[in-house]
Amino acid sequence: MDYIKKSPWICVYNAGSCNGCDLEVLALLNPKYDIERFGCELKASPRHADILLVTGIGSKQNQKRLKLVYEQMASKKKVIAVGSCAISGGPFREGWVFTEPVDRIIPVDMYVPGCPPRPEAIIDALIKVLEELDGDKKDKPKQTRRRSKKAKK
Amino acid sequence: MHNTTLPIGPQHPSIKEPMCLRIRLDGNNIENADLRLGYVHRGVEKILEGKQVDSALYVAERICGICEVSHTAAYLSAVESAMNISINDKVKYLRTFLIELERLHSHLMWSGFLAHEIGYETLFMYSWRERERILEIFDKYTGGRVHHNVSKIGSNKYDLPENSKKFIFDRLDAVAKHAEKYRREFEKDNIIKARLENVGVIPEKEAKRYCLVGPIARASGYKVDVRKDNPYFAFDQVDFNVITRNEGDAWARTLVRMDEIQESVNIIKQLINNMPNEKLPKPELHMNASGEAVGHVEAPRGENFYYVKINSGYLERAKIRTPTLNNIIILEKILKGYELGDVPVIVGSLDPCFGCLERIMVAKDKKIEEHDEDSFRKKYCEIQKPEVSYD
Amino acid sequence: MTEWVFFVAAPFIALLLQGIRRKLNARMQNRIGPPVWQPFLDVIKLVQKGKSDSEGNLNFFFVIAPIIFFITTWVMFLFVPFAIWSFEFDFLLLIYLTILSGGLYVLAGFASDSPLGVHGAMREMITMVVYETSFTLCLFTFIVISGTLTLANYPPEGLLLQAPLAAVILYLIGSIELKITPFDTAEAPTEILEGFSTEFSGAGLAFLELGDAMKFLFFCVFIPFLLFGTGNMWLFALLVLLFVFIFTFSKVTTPRFRVDQVVQVYFVVLILAVINLAWVII
Amino acid sequence: MGDNLNIIVEAIASLFKKPYTKRYPKEKLKQDPRTNAWLEYYSKKCIGCRMCERVCPVGAVKFIKKGKIEFDMGKCIRCGMCIDNCPVNAIGFNQNFERASKDKKKFIVK
Ligand code: SF4
Ligand code: SF4
Ligand code: SF4
Ligand code: SF4
Ligand code: SF4
Ligand code: SF4
Ligand code: SF4
Ligand code: SF4
């Protein structure tokens with residue numbers, strides 16, 4: 001039994017968004033949506049967090065920091081890309097600052113489309129990502145196999 | 001005690017967006033502050049260039065998720081005066097209605113943030129609950145909680161939904177009632193006063209010298225408000241006061257914003273009561289228009305200014321000057337001499353948000369990187385962009 | 001027998017109280033809040049969690065400080081409210097232990113070697129000087145009144161009537177020890193992230209959380225124990241719950257002071273403690 | 001003191017009130033008809049005028065041929081320009097927002 005399912009602590013990283021998505025993530029805390037009823041807590045330090053919510057385009061300036069934040073999180077971690085910006089660059093895709101979407105910087109486990117996604121949609125994504133945790137165990141042997149193949153090469 | 005340099009941000013709970021504030025501390029006192037920005041730079045002006053005017057509206061809206069209506073409104077007033085389009089009263093009223101709703105949601109959100117910054121979780125929760133009520137109105141009218149996508153050049157996509165007057169008034173009354181309570185809490189509570197009073201003082205002279213705008217200027221006794229000075233849309237047809245205070249500290253900024261909530265509620269009520277009975281013009285694409293103009297509106301944080309140049313239906317240049325850009329400059333100056341514990345209060349009371357602000361990215365810190373324009377261009381502007389596709 | 005049951009169950013009771021506290025907190029903020037057993041799940045999850053890819057500082061104190069912190073807080077229940085293991089001068093040992101638990105915060109902060117952690121520790125140190133002194137003075141008052149240095153001999157009817165001022169002092173000391181607003185400056189998440197716990201993750205964080213919960217329970221037990229005694233067990237349990245409510249309520253309805261203001265407040269407390277002691281002696 | 005009891009009173013009162021929270025996954029929230037959550041494309045109606053591709057501010061529309069257009073909802077910003085400018089109403093919005101997915105390809109509406 002994975003207890004992350006019961007107490008997922010989240011951490012938000014704004015990698016160059018318009019605030020829309022950040023506000024909707026923060027709106028999860030307010031009495032209307034209150035994700036604390038799932039045991040979620042918004043943590044300031046990435047070392048405490050289990051789930052990283054990334055918003056924004058992941059611009060050049062942010063990439064190093066974003067990787068650092070991801071690395072600081074202790075293992076069994078999940079990343080959710082929130083909003084069109086984080087999925088594909090959204091409206092800022094044509095700008096010269098956008099180089100690659102967030103999932104090329106750090107591995108992303110769940111995408112929430114929308115600009116911004118409604119808080120309910122983010123809760124939905126959270127639930128889906130937690131459901132996936134059980135599936136992870138089955139995947140594990142595959143990963144080791146892949147790694148050993150690489151080692152042979 | 002020894003000197004320490006404390007990095008605040010870019011990922012920090014008291015600042016809703018990434019900025020990096022490096023604070024040199026002498027013991028607990030701030031000796032120097034150094035602001036590094038550029039974390040949410042997205043090159044918006046460049047993206048706007050070459051866009052079709054009708055479509056560009058939606059990108060302009062996404063410059064910011066907090067005062068998105070101000071951005072669309074400023075963009076629209078610039079574009080409409082460039083193309084000589086006159087809008088009817090109904091559209092004016094509806095836009096004014098949105099602008100004021102946005103001021104409500106922004107100020108409520110902000111008061112929650114300030115409360116959170118001084119450790120007052122409950123007030124944060126209550127303020128955000130009230131903000132939810134405003135978002136419900138937005139949701140009902142536009143279908144979007146944050147980005148609304150209802151404005152069109154020369155028109156508006158939707159009329160108010162039928163029988164929504166009671167729905168809106170109920171929520172406004174609740175918000176006004178609660179906001180008044182929280183205002184009194186900010187005004188009277190001793191601990192809040194101990195935290196906010198005489199912190200981050202900006203005298204009126206400084207406010208004028210630094211060209212501050214919005215509630216921050218008004219809290220220093222400098223009466224600037226585009227709504228009164230240069231009425232746009234329906235602001236010449238409604239009755240409201242410009243709120244000013246003379247203290248110039250974080251506490252005055254709080255109270256100015258809390259008072260503006262009541263004013264906004266009044267304005268919205270007047271607007272709904274006097275809503276003209278005209279028909280909305282049918283929106284159309286503007287493929288041949290040309291022109292050049294400026295537009296400005298009073299966003300929740302101050303004057304938002306747009307310059308656009310349109311060439312046969314496409315934007316040739318758009319220049320945006322947003323309130324935070326004016327207001328943030330004073331931050332480093334007023335931080336000096338206060339304590340570390342005051343940083344969130346001072347930063348918070350200026351209400352900076354960088355969505356719109358960040359349009360140039362030159363990191364000035366010597367140790368990290370230094371760019372003149374050429375090397376900057378070489379490093380950041382000639383990135384080979386990979387083609388993004390899913391397959 | 002009861003003593004031992006209580007001692008062994010103390011961590012569980014502490015976590016349950018945290019759950020109740022969070023639930024109350026949420027309900028006062030007009031929302032549903034987590035289930036009451038949420039802290040248990042949190043702790044289990046933290047223990048389950050693996051390592052992070054970029055480990056922070058891994059020096060000896062960083063690993064050991066949270067564990068000692070937890071053990072210290074647990075050992076305090078050996079003496080209060082039921083003396084399991086009683087000897088001469090155990091009152092003094094208790095004072096020492098509470099101060100040690102504060103000191104371990106500081107150690108944890110310095111060991112984490114991040115400027116935020118260090119700053120949190122520094123704040124804790126500044127305030128500790130003042131409040132631990134007044135706490136010690138306050139306890140000396142009780143020692144003087146009861147005339148005993150052994151907790152087992154502590155009068156079961158409590159000493160509120162002899163030293164009413166101590167109630168105020170103990171409450172204020174309790175709220176700063178437990179990092180309850182308005183005095184939670186050392187942990188202020190908006191100023192210095194999470195203070196000294198910023199760099200911890202996994203099991204270390206779990207021990208810090210557990211220790212915090214234990215400390216909370218300890219003060220909720222200790223204050224009624226000193227003031228009202230354990231004469232009537234039902235009344236005592238009720239008083240413990242009352243203190244849980246009071247502390248939660250204080251957290252809900254107050255913002256936080258700045259460091260210098262906290263120190264000012266606790267100077268007043270220090271003076272009160274001195275007056276209290278002097279009054280009792282004279 | 002009398003004036004700043006507001007929060008205390010409200011906190012105590014909230015203890016006995018029903019929480020403001022909507023228990024989302026359990027009780028489905030009713031979406032407003034104006035909510036823009038997901039695009040629908042009725043390929044039979046489409047006349048292939050390419051207007052949608054032209055007006056989309058973010059380039060989320062990929063016109064392949066008449067009756068075969070891909071709308072990439074991972075790029076789309078729900079602005080509604082394509083819907084407003086389609087001459088035959090071949091595109092529309094629905095209110096289904098529960099679309100989070102691990103697979104980006106699921107975001108392409110055909
Ligand atoms: S997806 Fe939309 S709302 Fe979210 S950050 Fe991007 S532009 Fe803003
Ligand atoms: S501010 Fe200058 S550099 Fe930045 S996007 Fe606009 S034009 Fe380009
Ligand atoms: S636009 Fe800038 S330079 Fe010109 S008056 Fe205003 S603040 Fe001063
Ligand atoms: S260079 Fe740009 S930011 Fe600086 S004053 Fe001129 S317009 Fe403003
Ligand atoms: S000042 Fe700029 S970033 Fe801040 S809310 Fe307004 S538009 Fe957004
Ligand atoms: S060189 Fe770079 S910064 Fe300058 S206008 Fe071009 S894209 Fe913008
Ligand atoms: S809704 Fe807007 S962004 Fe989405 S496909 Fe249509 S035009 Fe493009
Ligand atoms: S605008 Fe409508 S009719 Fe024209 S191609 Fe697009 S979907 Fe088809």
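Chain naming here is simple, since letters A, B, ... match the order of the sequence lines and numbering starts at 1 in each. Only heavy atoms go into these numbers, but all of them, side chains included; no hydrogens, no water, no symmetry mates.
- With a 4.5 angstrom heavy-atom cutoff, Asp103(A) touches chain D only via side-chain atoms.
- Rounding to the nearest 0.5 angstrom, the gap separating the NZ atom in Lys102(D) from the CG atom in Asp109(A) is 5.5 Å.
- Between chain D and the options Pro117(A), Ala125(A), Pro119(A), Pro91(A), heavy-atom pairs under 4.5 Å are most frequent for Pro91(A).
- For Pro57(D), the part lying near chain A is the backbone, with the side chain staying farther off; criterion is any non-hydrogen pair under 4.5 Å.
- No more than 12 heavy atoms of other residues, nucleotides or ligands sit less than 6.0 Å from atom NZ of Lys106(D).
- Atom CE of Met73(D) and atom SG of Cys115(A) lie 10.5 Å apart (nearest 0.5 Å).
- For Cys79(D), no part lies under 4.5 angstrom from a heavy atom of chain A.
- Contact of Lys32(A) with chain D is made through backbone and side chain together, with heavy-atom distances under 4.5 Å.
- To the nearest 0.5 Å, the span separating CG on Asn30(A) from OH on Tyr20(D) amounts to 8.5 Å.
- No more than 12 heavy atoms of other residues, nucleotides or ligands lie within 6.0 Å of NZ in Lys66(D), so this atom counts as exposed by the packing criterion.
- Here Glu70(D) pairs with nothing under the salt bridge (Lys or Arg N to Asp or Glu O under 4.0 Å) rule; sequence neighbours left out.
- Proximity to chain D is absent for every atom of Ile80(A), based on heavy atoms less than 4.5 angstrom apart.
- Between Thr21(D) and Arg37(A), the shortest heavy-atom distance links the atoms CG2-NE, 3.7 Å.
- Annotation: side chain of Ser84(A) is in contact with side chain of Arg78(D) (closest heavy-atom distance under 4.5 Å).
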